[in-house]
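Scope of the values below: all heavy atoms of this structure, side chains included, with no hydrogens, waters or symmetry mates. Note that the coordinates shown come from a computational prediction; the quantities given were computed from them, not determined experimentally.
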Amino acid sequence: MPDPSAPKLVGQGALELPAQLFTERFHNDLVYEAVRADLLARRRGTASTRDRAAVRGGGAKPWRQKGTGRARIGSIRAPHWTGGGVAFGPTPRDYTVKVNRKARRRALRAALSVHAERGSVWAVDAASFDSPSTKTAAEALDRTGGGRVLVLVGDEESACALSFRNIERVLVLPARQAGVADVIAAAHLVVSEAAIEELASVAGDPKESAVA
């Protein structure tokens, strides 16, 4: 039997969503560029191979150029020889691409607005988690109906974060670290009140914040 006093998810009808975060028009190209940048930034770029210059040996020409009846060869470390260097192999590189800060903010607002439009935003009272409890968190997620869930919490809500992090198909992130790719990939978005405040600081329009 579920604990009636356990924290439950509340639908977005009972949650006040800031208009500056959840009413952005969807910009397909902008969101694509932001998602692409997020995914590329996660690549380590450490794949490496040795070309013929880096492979040890092969300094002397194995036989003379003419007169042997064999194909001419300059080094036993040529790419088509066993033990030779790799031709056109990968080398360490940086995959990151630049996306302007204003564009990234707008793309994140657009991704959040998609969840608001389809009613897949859920609120959780992080303060009700006195201590980490995976069972309690799993019971709270029953209302979502399944699918990938992104849980965004505030910096000081560690008990809530620890409760959700071991559940299958659930990704828990501090709100300040949420990327456009994470938000778009999730079927449901679970946020705390503190997370919404932090999202406003990283994704909100600075002009609107200044006016407010």
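Here the CZ-OG1 distance, from F129 to T136, works out to 6.0 Å after rounding to the nearest 0.5 Å. Note: L21 CG to S113 OG = 8.0 Å, rounded to the nearest 0.5 Å. In this structure, L108 CG and L199 CG are separated by 6.5 Å, a value rounded to the nearest 0.5 Å. Here CD of E198 is found 10.0 Å from CD of Q177. Values are rounded to the nearest 0.5 Å. Taken from OG in S192 to CG in D125, the straight-line distance is 9.0 Å, to the nearest 0.5 Å. Taking NZ of K102 as the reference point, atom CZ of R106 lies at 9.0 Å (rounded to 0.5 Å).
Between V121 and L17, some side-chain heavy-atom pair lies under the 4.5 Å cut-off. The shortest distance between side-chain heavy atoms of V149 and L141 falls below 4.5 Å. I196 has its side chain within reach of P18: a pair of non-hydrogen atoms, C-beta onward, lies under 4.5 Å apart. V183 is listed as a side-chain neighbour of H115, based on a closest heavy-atom distance under 4.5 Å. Side-chain contact between I167 and T134: present, with at least one pair of heavy atoms (C-beta onward) separated by less than 4.5 Å. Here the side chains of V114 and E117 are not in contact, with every heavy-atom distance at 4.5 Å or above. Between R105 and V202 the shortest side-chain heavy-atom distance does not fall below 4.5 Å. At least one side-chain heavy atom of E139 sits under 4.5 Å from a side-chain heavy atom of K135.
A137 and S163 get closest at one heavy-atom pair: CB-O, 3.4 Å. Taking every heavy atom of both residues into account, W122 and H188 meet most closely at NE1-ND1, 3.4 Å. Residue A181 comes nearest to R42 through the heavy atom pair CB-NH2, 4.1 Å, listed as atom of the first residue, atom of the second, then distance. Contact detail for V55 and G83: the closest heavy-atom pair is CG1-O, 3.5 Å. Shortest non-hydrogen contact noted between V170 and F164 is CG1-O, 3.6 Å.
For the salt bridge (Lys or Arg N to Asp or Glu O under 4.0 Å) condition, the pairs that include at least one residue of residues 145-159, sequence neighbours left out, are D155-R176. Note on residues 45-61: pairs passing side chain to side chain donor-acceptor pair (under 3.5 Å), not counting sequence neighbours, are K61-Q65.
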Let me have the donor-acceptor pairs involving side chains of residues 67-76, under 3.5 Å, with sequence neighbours excluded, atom names and distances please.
{"from": "T68", "atom 1": "OG1", "to": "R70", "atom 2": "N", "distance (Å)": "3.2"}
{"from": "S75", "atom 1": "OG", "to": "G58", "atom 2": "O", "distance (Å)": "2.9"}
{"from": "S75", "atom 1": "OG", "to": "R77", "atom 2": "N", "distance (Å)": "3.1"}

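In terms of hydrophobic clustering, with Ile, Leu, Val, Met, Phe, Trp and Tyr side chains grouped at heavy-atom distances under 4.5 Å, L162 and L173 are assigned to different clusters. Hydrophobic clustering of Ile, Leu, Val, Met, Phe, Trp and Tyr side chains at less than 4.5 Å, counting indirect connections, keeps L112 apart from L30. Taking hydrophobic clusters as Ile, Leu, Val, Met, Phe, Trp and Tyr residues chained together by side-chain heavy-atom distances below 4.5 Å, L150 shares a cluster with F26.
Hydrophobic cluster membership of Y95, counting Ile, Leu, Val, Met, Phe, Trp and Tyr whose side-chain heavy atoms lie under 4.5 Å apart directly or via other members: L40, V97.
Applying the side chain to side chain contact (heavy atoms under 4.5 Å, CB included) rule to T96 yields the partners A41, D94; only residues at least two apart in sequence or on another chain are considered. A search for side chain to side chain contact (heavy atoms under 4.5 Å, CB included) contacts involving R104 returns A37, D38, V99, not counting sequence neighbours.
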